[in-house]
Amino acid sequence: MKLYSTKNRKHVVSLKEAVMKGLPPDNGLYMPERIPSLPKTFIKNLSKYSFQEIAFEVSKTLLQGCIPQKDLKKIIEKSVTFPAPVVPLDESKSVLELFHGPSLAFKDFGARFMAQLMSYFNKGEKQELVILVATSGDTGGAVASGFYKTPGVKVVILYPSGKVSFLQEKQLTTLGENISAIEVKGTFDDCQAMVKQAFLDKELNSNIRLSSANSINIARLIPQMFYYFEAFKQLSPKGRDVVFCVPSGNFGNLTAGLIAKRMGLPISHFIAATNANDVVPEYIKKGKFSPRSSVRTISNAMDVGNPSNFARMMDLHGSTWNHLKKEISGLAFDDKETRQGVKEVFDNFNYTIDPHGAVGYLALKEFQETNPNTLGVVLETAHPSKFLDDMENILQSKIEIPKRLASLIDKPKEAALMNRKFNTFKEWLLENY
Ligand SMILES: *Cc1c(COP(=O)(O)O)cnc(C)c1O
């Protein structure tokens, strides 16, 4: 497998370089040079494969031998460690639950696979790899647990003091081992600036091997394809077209679905569901892409005003609006509608859906009004207990916190409290690594 930059098809790199660097120097995004098709018999016989076997077959075909099969198998075994069940709401709508991982959101799939790939590519290096992550709360937890106890890799997470939820902070600060947390007296932007400056600092980079766990790393996209196949396996379409509805922010999840389709999964259509941050639905409707600042919503993991994977979506459609809008519909819903969606799903189907999933549900419902004979799957991207206050407010009832999260409550927090000066951070890094 080779990858090119979306800004320059002649800039071609190996998988190792794409994974370890994250971003091409021209600020494009890495894309596979070729997307091979899976054998038709594999698609037909999906039900005979376990989730891990599906992940293995899909990645083996896409990576085309750049990782030996026995190593790839190990990587899958260590990263695909929890299920992705499809739960039917009614005859035509189902929910694909992607929240059964340690941080209760689908980002666990990407983070775990990326951690394993980085550790694999780092083998044989004498110096350990130090991964810097700035987080506003959510991604940090998935990355921290993804890299937990990964040999040869240390992780430093910077988060803004007092600006992440109690449980999010516990996810970042209670792991120990190779994971360190820094509580920055500042904002998320301060944390991000400190990380950015670290990559530019000559002295740091000559002493420590630094890397990032960037959200647009191709290694996070690849495993997000696996669960589209896994979902398909669990459906009985009975001749109906299968439609995936993806609650979206940076559009990584939806892009992974597009690539799964290119590899041969017979998905008939995609629905891009967003909250008030509707840059992509607007593009699909009008053909004009106008990125802007994000606005805050109750589905806050989708509060993105300039979706980073848009470049990949366009690339997959030969950069033409006409192609893209044939394959993807876009629908947006505000917070009021989202709250109603949460309530409606609970009242009608006795299912507790989180605000992100509710945006997806509303989009699927609207789509099916004009496309009635379809089988729709909404990606439920997070567990409802991650948004406890809003959920309990909407449903006026208690939401259960899963054990794996509740067990963190009593664990002691360990974090280095730090001002937002780059030099303090730099000295800390030089002292500790
Ligand atoms: C990150 C996230 C999203 C958005 O996913 P993208 O791949 O960025 O579109 C949706 N829901 C939840 C809960 C998330 O954490």
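In this text the structure is predicted, and so the values were computed from the model without any measurement. Each ligand, and each atom within it, is numbered from 1 in the order the structure gives.
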Closest protein heavy atom to [atom], given as residue, atom name and distance to 0.1 Å:
atom: atom 2 (C) of ligand 1; result: Lys107 NZ, 2.5 Å
atom: atom 11 (N) of ligand 1; result: Thr381 OG1, 2.8 Å
atom: atom 8 (O) of ligand 1; result: Asn250 N, 2.8 Å
atom: atom 3 (C) of ligand 1; result: Phe106 CE2, 3.5 Å
atom: atom 4 (C) of ligand 1; result: Gly249 N, 3.5 Å

Are [X] and [Y] close enough for a salt bridge, meaning some N to O gap below 4.0 Å?
X: Lys365; Y: Glu344; answer: yes
X: Glu77; Y: Lys74; answer: no
X: Glu282; Y: Lys288; answer: no
X: Glu392; Y: Lys398; answer: yes

Suppose I only count heavy atoms of [X] and a 4.0 Å limit; which atoms of ligand 1 are within that range?
X: Asn253; result: 7 (O)
X: Gly252; result: 6 (P), 7 (O), 9 (O)
X: Ser248; result: 9 (O)
X: Ala382; result: 13 (C)

Residues Lys233, Leu235; criterion side-chain contact (heavy atoms from CB on, under 4.5 Å); working and verdict: CA-CA 6 Å; Lys233 169 181 107 179; Leu235 300 172; over 6 Å; no

Let me know which of Phe109, Phe113, Phe51 forms a ring pair (Phe, Tyr, Trp, His ring centres under 6.0 Å) with Phe226. Phe113

Nearest 0.5 Å, what's the CG-CG distance between Leu364 and Leu331? 10.0 Å

Heavy atom of Phe99, distance to ligand 1 below 4.0 Å: no

